[in-house]
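Since we're looking at a predicted model, the values are computed, not measured.
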Amino acid sequence: MKTRIAYIFLCVLMQMSAFAQTKPSSMRKNEIKVALLSLASGTSKITYERLVRDYQSIEFTFGVIGWGFDKLKDSNPEGTAWRMAYKFIFPNKHNANNQMCGFYVKPEMCYSTYHYNHPDEGRLNVDRVALMGVLGYDWVLRWFVLDVYGGLGLACGNSNHNNYHHGFIGLSPDSPTAFTAGFRVGMAF
């Protein structure tokens, strides 16, 4: 099932990039990025970003929870994680050829649904959603992308004993506060 979901997501990404408007070769309107740190927590995430207006883009992230190394708590998580954001980019005057490069602010919605093992309570299910305000910087050097970000917001849903929801962290198991931070690397095209 996870393989089918990942395959469908990749097909949608390829289809979206196939319909990209033609711009000068120096103008890149798409990015594909991966979150390398999430692999250590048991999740593989891929992000597709598309410029929709001047200095504004939309971003979709899909993650398979359980495809990674789960070095944090060895809880054997399994499920999916989704993120959607609308990004407002403040231009970088040193890279005027690329409207996706610069500081940004984005409202972001994250959703995680997964199962994990707890030593005392057995296999537990978590469904959690968060709405966050995120600040970051997107470096675009020709085709290479480095995206560094951090944000804070509100979350609701089931709690997790580890406070980690494979896309955001709770300040405590039942806290309505959500926090996210990290970096992604990828390519612009």
Members besides Phe179 in its Ile/Leu/Val/Met/Phe/Trp/Tyr cluster (side-chain heavy atoms under 4.5 Å): Leu152
Minimum heavy-atom distance between Tyr137 and Cys101, given as atom pair plus value: OH-SG, 4.4 Å
Considering all heavy atoms, the nearest Tyr164-Tyr114 contact: O-OH, 3.1 Å
Gap between atom CZ of Phe183 and atom CH2 of Trp139 - 0.5 Å precision: 11.5 Å
Note, Thr80 side chain near Tyr111 side chain (heavy atom, < 4.5 Å): no
Short side-chain donor-acceptor distance under 3.5 Å, Ser112 and His166: no
By ring pair (Phe, Tyr, Trp, His ring centres under 6.0 Å) - contacts of Tyr116 (at least two apart): none
Distance, nearest 0.5 Å, that separates CD of Gln56 from CG of Leu51: 8.5 Å
Contacts of Phe88 that satisfy ring pair (Phe, Tyr, Trp, His ring centres under 6.0 Å) - sequence neighbours left out: Tyr86
Shortest non-hydrogen contact between Val129 and Phe168, atoms and distance: C-CZ, 4.2 Å
Glu59 and Glu108: CA distance, side-chain angles, deciding distance, side-chain contact (heavy atoms from CB on, under 4.5 Å) verdict: CA-CA 9 Å; Glu59 188 177 80; Glu108 183 172 50; 4.1 Å; yes
Which atom of Lys106 lies closest to which atom of Ala85, heavy atoms considered: CD-CB, 3.6 Å
Rounded distance [0.5 Å steps], CG in Leu154 versus CG in Leu131: 7.5 Å
Main-chain N/O of Asn98 paired with Arg28 side-chain donor or acceptor, under 3.5 Å: no
Beyond-backbone contact of Asp138 with Glu49, side-chain heavy atoms, under 4.5 angstrom: yes
Polar side-chain atom of Ser38 near backbone of Thr43 as donor-acceptor pair, under 3.5 Å: yes
Distance, nearest 0.5 Å, that separates CG of Leu124 from CG of Asn160: 8.0 Å
Nearest-0.5 Å distance that lies between atom CE in Met187 and atom CG in Asn30: 9.5 Å
Heavy-atom closest pair, residues Phe189 and Tyr48: CZ-CE1, 4.2 Å
Flag side-chain contact, heavy atom, 4.5 Å: Trp82 against Phe62: yes
Sole candidate of Lys33, Arg184, Glu31 that passes side chain to side chain donor-acceptor pair (under 3.5 Å) when paired with Thr47: Arg184
Check: His165 side chain, Gly167 main-chain N or O, donor-acceptor pair, under 3.5 Å: no
Nearest-0.5 Å distance that lies between atom NZ in Lys45 and atom CG in Leu37: 9.5 Å
Single-linkage hydrophobic cluster, 4.5 Å side-chain cutoff, Val34 and Trp143 together: yes
Side chain Asn158, main chain Asn125, donor-acceptor under 3.5 Å: yes
For Pro173, all residues meeting side-chain contact (heavy atoms from CB on, under 4.5 Å), sequence neighbours excluded: Ser159, Asn163
Heavy-atom closest contact (Gln99 atom, Tyr55 atom, distance): OE1-N, 3.2 Å
All pairs passing salt bridge (charged side-chain N to carboxylate O under 4.0 Å, His left out) where residues 164-181 contributes a residue, at least two apart: none
Partners passing side-chain contact (heavy atoms from CB on, under 4.5 Å) against Ser44 (at least two apart in sequence or in another chain): Leu39, Trp67
Shared hydrophobic cluster, Val126 / Leu171 (ILVMFWY, side-chain heavy atoms < 4.5 Å): no
